[in-house]
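Structure first, commentary second.
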Amino acid sequence: MTQTGVVSNEALAGLRPGLKKRHLSMIAISGVIGAGLFVGSGATIHAVGPGVLASYALAGIVVVLVMRMLGEMAAANPETGSFSAYADKAIGRWAGLSIGWLYAWFWSIILGVEASAGAGIVTRWFGWDSKWQWVWALVLMLALTGTNLFTVQGYGEFEFWFSSIKITAIVVFLFLGAFAWTGLCPGVHVRSWVQVQADGGLFPNGFGAVLIAVPIVVTSFFGAEIATIAAGESKDPQSAVRKAVNSVVWRVSLFYLGSLAIVISILPWNDPAISGESIAESPYVAAIRTFGIPYAPTILDVIVLTAVLSCLNSGMYTASRMLYSLAERGDAPKALTKLSRTGSPYLAVLAASAVGFVIVLFNVNYPKTIYVWLNNTTGGIGLLVWLVIAVAQMRMGRALRASGKEISVKMWGYPYLSYITIGLIAALFLSMGFIQETQEQFWLTLGLAAVLAAAGLFVERRAKAKGSTAPPAGR
């Protein structure tokens, strides 16, 4: 052991199983609940109309299928690198390297985005000038970096309480909506199905708007896969993965479709209050106002800030673990595998947070240039990750079934439904190139993915040229 308290990987034998069942249960349940649900859904409702439920249902079907595919691989072989490690084995080293770095990049960028969003809320609370927003962004980044530097239990504990608040908020909203539907809630008018369609029908902007919104809605569900990454640091990963995968159907149905159904039954889709242009115009706070609940904007601010901190906490954890896995397989600097005496991959945490700090500064100084450009490079990463998961499962699924081993989580309708899922994801990703709002994200993401794939192929071919076809230690 060194004087700094750092010990070698050989001494620690990898990451420690420090996450408890309650941590993983809450991580699994809240993985799809982010600020996008509370705030971002307003813009989608405004663009699509009541038929927005169809957009979320289609995206939800895709995420359920992808999680089932990922669950099959993760239950059979739980690893910290999750889908990146599976892509490495099933498709090739280049695929594991490129998708792993894309995923780490996505969450590192999100750190700066979420820190800036949270800072905006806190700045408004204290009545500070917006030019000092960066101070709070740095405070939030430092706080969550410190949490993740200690032990995995720190991440798990913070996420447990953040998730508890988010879930409680959604459950309360669902109960209020159900109570209003009974007709016993004074002052709240719940519109009938006929009245919901009164302003232009289910699809006032055409059914095409429903399909156009699906690739955008997909980003709201990204994060469901974190449970399979965290399972690698639990004492019973197979059980954790099984519960996470089996619960994804009701999570999507209840939290998203259920709560949005309440919103559009209380407020017209074209109500200016749910245009989604700001936090104060969230569809949820607009709906809560109709119940006469005082301080609704402040209540929503607290909930959104909690969702932001949860995303920040999970992003820090997820990016660092992916970097650790890449380094362990020889696809990132080996130094990133170093662990503190408490079992945290501290250099990987610092590397991920460093990108977040830089993004915060870009957001302050170049909000409409470099910051926007960097943020747009993450636009289609979620779909690319899901596509790689689906292809890897197709290949690993054959070997798994041929082995005769018991499959605790099995993909439905294999291989036919797997092929259909691959086709759906590919179509969604390609459609981004034809939608004006997502074209820049499509090309920037595709360009970044191409560069990383080329780098991965170069690394793979160089290894073969040296006569070393065996994977590096740790793969």
Side-chain angles (χ1 to χ4, degrees), residues 26 28-64 162-182 185 188-193 195-196 202 210 213-214 216-224 247-271 273-276 278-293 296-297 299-308 310-311:
M26 202 59 75
I29 293 172
S30 71
V32 294
I33 306 175
L37 171 61
F38 293 111
V39 181
S41 54
T44 313
I45 293 172
H46 215 63
V48 179
V52 71
L53 292 175
S55 298
Y56 276 90
L58 288 171
I61 289 170
V62 175
V63 74
V64 167
F162 288 152
S163 298
S164 297
I165 294 172
K166 290 191 296 183
I167 292 169
T168 300
I170 288 293
V171 170
V172 168
F173 185 81
L174 290 169
F175 271 115
L176 287 173
F179 181 56
W181 281 345
T182 64
C185 188
V188 180
H189 172 65
V190 178
R191 300 181 302 151
S192 67
W193 190 239
Q195 290 172 318
V196 167
L202 282 180
V210 173
V214 173
I216 301 171
V217 170
V218 159
T219 60
S220 298
F221 292 110
F222 201 47
S247 67
V248 73
V249 175
W250 68 261
R251 282 185 283 154
V252 169
S253 302
L254 189 64
F255 294 148
Y256 275 84
L257 298 181
S259 62
L260 286 173
I262 289 172
V263 170
I264 63 175
S265 69
I266 294 176
L267 297 171
W269 67 272
N270 53 1
D271 191 316
I274 57 173
S275 64
S278 71
I279 288 175
E281 294 174 341
S282 161
Y284 289 82
V285 74
I288 287 174
R289 272 203 195 96
T290 64
F291 288 85
I293 297 176
I299 293 171
L300 184 72
D301 271 352
V302 172
I303 295 169
V304 172
L305 180 60
T306 301
V308 164
S310 173
C311 188

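Side chains are part of it too, since the values below use all heavy atoms of this structure and drop only hydrogens, waters and symmetry mates.
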**Item:** Residue list, ring-ring contact (aromatic ring centres under 6.0 Å, His included) with Phe291, at least two apart or on another chain
**Value:** none

**Asked** By side chain to side chain contact (heavy atoms under 4.5 Å, CB included), which residues pair with Leu174, not counting sequence neighbours?
**Response** Ile170, Leu254, Ser259, Ile262

**Message:** In the structure I gave you, are the side-chain heavy atoms of Ser41 and Tyr284 within less than 4.5 Å of one another anywhere?
**Reply:** yes

**Fill in**
side chain to side chain contact (heavy atoms under 4.5 Å, CB included) filter on Ser265, not counting sequence neighbours, yields Trp181, Val190

**Asked** For Val217 and Ala59, which heavy atoms make the closest approach, and how far apart are they?
**Response** CG1-CB, 3.8 Å

**Partner residues of Thr290 under the side chain to side chain donor-acceptor pair (under 3.5 Å) criterion, sequence neighbours left out** = none

**Asked** Taking all non-hydrogen atoms of both residues, which atom of Ala57 and which atom of Leu257 are closest, and how far apart?
**Response** N-CD2, 3.8 Å

**Asked** Which pair of heavy atoms, one from Leu267 and one from Ala287, lies closest together, and at what distance?
**Response** CD1-N, 3.6 Å

**Spatial distance of atom CG (Leu305) from atom OG (Ser310) [nearest 0.5 Å]** = 11.0 Å

**Within-4.5 Å side-chain heavy-atom neighbours: Thr44 and Tyr56** = yes

**Message:** If I compare all heavy atoms of Gly51 with all of Val210, which pair ends up nearest, and what's the gap?
**Reply:** O-CG2, 3.8 Å

**Request:** For Ile45, enumerate each residue passing the side chain to side chain contact (heavy atoms under 4.5 Å, CB included) test, keeping only those at least two apart in sequence or located in another chain.
**Result:** Val52, Leu260, Val263, Ile264, Trp269, Ile274, Pro283

**Asked** Which heavy-atom pair separates Gly60 from Val63 by the least distance, and what is that distance?
**Response** O-CG1, 3.1 Å

**Request:** Please name all residues satisfying side chain to side chain contact (heavy atoms under 4.5 Å, CB included) with Thr306, sequence neighbours left out, ordered by chain then number.
**Result:** Phe162, Ile165, Lys166, Val302

